[in-house]
Amino acid sequence: MNQYDAIVIGSGISGGWAAKELCEHGLTTLLLERGRPVEHLKDYPTATKNPWDFPHRGDMPEKDHAENPVVNRCYAYGEATQHFFVKDKAHPYIQEKPFDWIRGYQVGGKSLLWARQTQRWSPFEFEGPARDGFAVPWPIGYHDLAPWYSHVEKFAGISGNKDNLPQLPDGEFLPPWEMNCVEKHISGKIMQKYPDRPVIIGRCAHLTKPQPIHLEQGRGQCQARSLCERGCPFGGYFNSNSTTIPWAQRTGKLTLQPFSVVHSILYDEKKGKATGVRVIDARTKAVTEYQARIIFVNAACLNTNLILLNSTSTRFPNGLGNDNGLLGHYIAFHNYRGNVSAEFEGFPDSYYYGRRPTEVFIPSFRNLHKHENLGFQRGYMSYFGAGRAGWQQGDYKPGIGREFKDSITEPGPWYVYMGMQGETIPKFENHVRLSPDQKDEWGVPQLITSVAYDDNDDKMAADFVTQGSEMLEAAGCKNINGFNNHQNPGLDIHEVGGVRMGKDPKTSLLNEWNQLHHCKNVFVTDGACMTSTGNQNPSLTFMALTARAANHAVEELKKQNL
Ligand SMILES: Cc1cc2nc3c(=O)[nH]c(=O)nc-3n(C[C@H](O)[C@H](O)[C@H](O)COP(=O)(O)OP(=O)(O)OC[C@H]3O[C@@H](n4cnc5c(N)ncnc54)[C@H](O)[C@@H]3O)c2cc1C
């Protein structure tokens, strides 16, 4: 009864892809998810609500801020979305250094909540560690992943423009979104002054023009509502619930099992491989074991580290595959500390349609072709947008009567914001480990996070603030205000590492196919596998790595190598 070909731990972005690929190849697959079921369409209770349908118009009350300070710092958390976020108190962890761990425990994981920005890595990111001498060299390059990027892009549906940039390779794009008039003006001025800084419209997982494969999935065109984090009644954006999981289900090979907290992976010393997993029922706490020939660990970066660290045996007393003691180390994230805001005078009679689900991007231009001695390593991608103030939900102004009503029919002046997404350097001291004495409600050791920004990050943020301010000044913006927001690591929600890939088992945990060097039938394909973090949004790369590894696993099973 408990025997499957494959077990996948976690049903978020990467787990959904593992399940889809394995089921399509005919493997009976058990998809274990610690959270509750969330069925596409049926379980999106707020998707069509208006602001006035919420008791606090979408904001969280003070009491909730006081009880859940970490999750309240996430921009997407609010009255309309709170049911898809983990509240601080429900799942405690120990912050040796401040770390805002943002989680979604349900079928679909954080795929319900993500901001859907999707850029491919370029050769510059894969070659970075070897070129600049940090972390360990990646065991794969862009050419290894390119066909798998294409594979996942076609199925998920990615909108974008073919920009022909070596630092941001093009993909299989649906039609792009459009910049508004002020963004076009700013882009033109930036490219005029800085020819090495191309400005492009963002690429995102939204169906601007659904293709037959998307219609077959039961998904429709994005309506530019930008209420995505509630779940989309049109299936206009990619999440596991609307796309990969139902696709896996229709093969008849998938068993999706919510409320299943994976405690650890079981290792058989005689066979020299993993045989299954130990699961605790989230509601009854009953313990059950399930067996499979291969196991995909996709619980999201830090929980994947936790599960492996907790999978101890005589052979692996420090965690599964952890012969070199590096499991849990070299955690990296994205530097989001630099911000610039500004105003723009002009185009007073112009507006734009809908709430576009992407922004304008300037791919990395720092330390790109070589290390440039700027005082910091690596680079950052910049993003910006322009909009009319006073017309967004949350732009409350006090008032009453006719004059007030008249005033709110007029959009305010144009405002501009700019932000950064910088590469951080993976370091041994940035790590997670298990608490020796504190456990959660299910008897699983709590995670200790010991991860921090460093001097390199702050120098990079300062450079972004200077460059961003100068670019907006060149574009004619006024009242430019650049600042470091000093946000905690974690709030970027792009944490990676701890189970990094590499050629050498002495310095890495996973091989070039995402298999544990010392336990080949266990695959890790979520953010935990990342050797470095690049400056692109990460999830598209997790999807491509997962699809590639799953197809390799199928081949290896056929050859009886696993
Ligand atoms: C507000 C927000 C905005 C974001 N914007 C972007 C963006 O624009 N672009 C981008 O690339 N990324 C973005 N991200 C990040 C993106 O959501 C993650 O990179 C992605 O979801 C990671 O996929 P995953 O499969 O590793 O983890 P998840 O999607 O988090 O799924 C992990 C699953 O594992 C389950 N799980 C955990 N532990 C266990 C256990 N012990 N047993 C069983 N199940 C377990 C969880 O409940 C969860 O369902 C954003 C995230 C958020 C929250």
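The figures that follow rest on heavy atoms only: side chains count, while hydrogens, waters and symmetry mates do not. In listed order, ligands and their atoms are each counted from 1.
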**Study point:** Interfacing atoms of ligand 1 (cut-off 4.0 Å, heavy-atom, Gly104)
**Key:** 46 (C), 47 (O), 48 (C), 49 (O)
Check your understanding: Is it the case that Glu153 and Ser150 place a side-chain donor and acceptor less than 3.5 Å from each other?
Key -> no
**Study point:** Residue from Phe333, Tyr336, Phe99 passing ring-ring contact (aromatic ring centres under 6.0 Å, His included) with Tyr453
**Key:** Phe333
Practice item. For ligand 1, find out whether one of its N or O atoms is nearer than 3.5 Å to an N or O atom of Phe85. Key: no
Review point. Has ligand 1 got any nitrogen or oxygen that is less than 3.5 angstrom from a nitrogen or oxygen of Val262?
Key: yes
Practice item. With heavy atoms of Tyr75 as the reference, note each atom of ligand 1 found under 4.0 Å away. Key: 1 (C), 2 (C), 3 (C)
Review point. Among side-chain atoms of Tyr105 and Asn303, is any donor-acceptor pair under 3.5 angstrom?
Key: yes
Practice item. Classify the side-chain pair His40/Gln217 by whether it contains a donor and acceptor separated by less than 3.5 Å. Key: no
Exercise for review: Provide the number and element of each atom of ligand 1 under 4.0 Å from a heavy atom of Ile493.
Suggested key: 1 (C), 2 (C), 15 (C), 51 (C), 52 (C), 53 (C)
Study note, to complete from the structure: To atom 3 (C) of ligand 1, the nearest of Ala115, Ser14, Gly15 on a heavy-atom basis is Ala115
**Study point:** Test log, rule salt bridge (charged side-chain N to carboxylate O under 4.0 Å, His left out), inputs Arg57 and Glu79
**Key:** CA-CA 8 Å; Arg57 304 293 180 265; Glu79 247 181 340; over 6 Å; no
Exercise for review: Let me know which of Tyr149, Phe238, Trp17 forms a ring-ring contact (aromatic ring centres under 6.0 Å, His included) with Phe155.
Suggested key: Trp17
Check your understanding: At the 4.0 Å heavy-atom cut-off, does His263 count as touching ligand 1?
Key -> no
**Study point:** ligand 1 to Ile13 polar contact by distance, N or O atoms, under 3.5 Å
**Key:** yes
Point to revise | Option whose closest heavy atom lies nearest to atom 30 (O) of ligand 1, chosen from Glu229, Met543, Lys110 | key: Lys110
Point to revise | Verdict with supporting geometry, Arg203 and Asp163, salt bridge (charged side-chain N to carboxylate O under 4.0 Å, His left out) | key: CA-CA 11 Å; Arg203 299 158 179 188; Asp163 298 299; 2.9 Å; yes
Review point. For Asp526 and ligand 1, does the shortest N/O to N/O distance drop below 3.5 Å?
Key: no
Review point. Has ligand 1 got any nitrogen or oxygen that is less than 3.5 angstrom from a nitrogen or oxygen of Tyr105?
Key: no
Practice item. Look at atom 17 (O) of ligand 1 and find which of Trp114, Phe259, Trp442 reaches it with the closest heavy atom. Key: Trp114
Review point. So which of Gln106, Gln257, Arg34 gets nearest to atom 44 (N) of ligand 1, if we judge by its closest heavy atom?
Key: Arg34
Point to revise | Protein residue, atom and distance nearest to atom 27 (O) of ligand 1, heavy-atom basis | key: Ala300 CB, 3.2 Å
Check your understanding: Should you measure from each heavy atom of Ser260, which atoms of ligand 1 turn up under 4.0 Å away?
Key -> 42 (N), 43 (C)
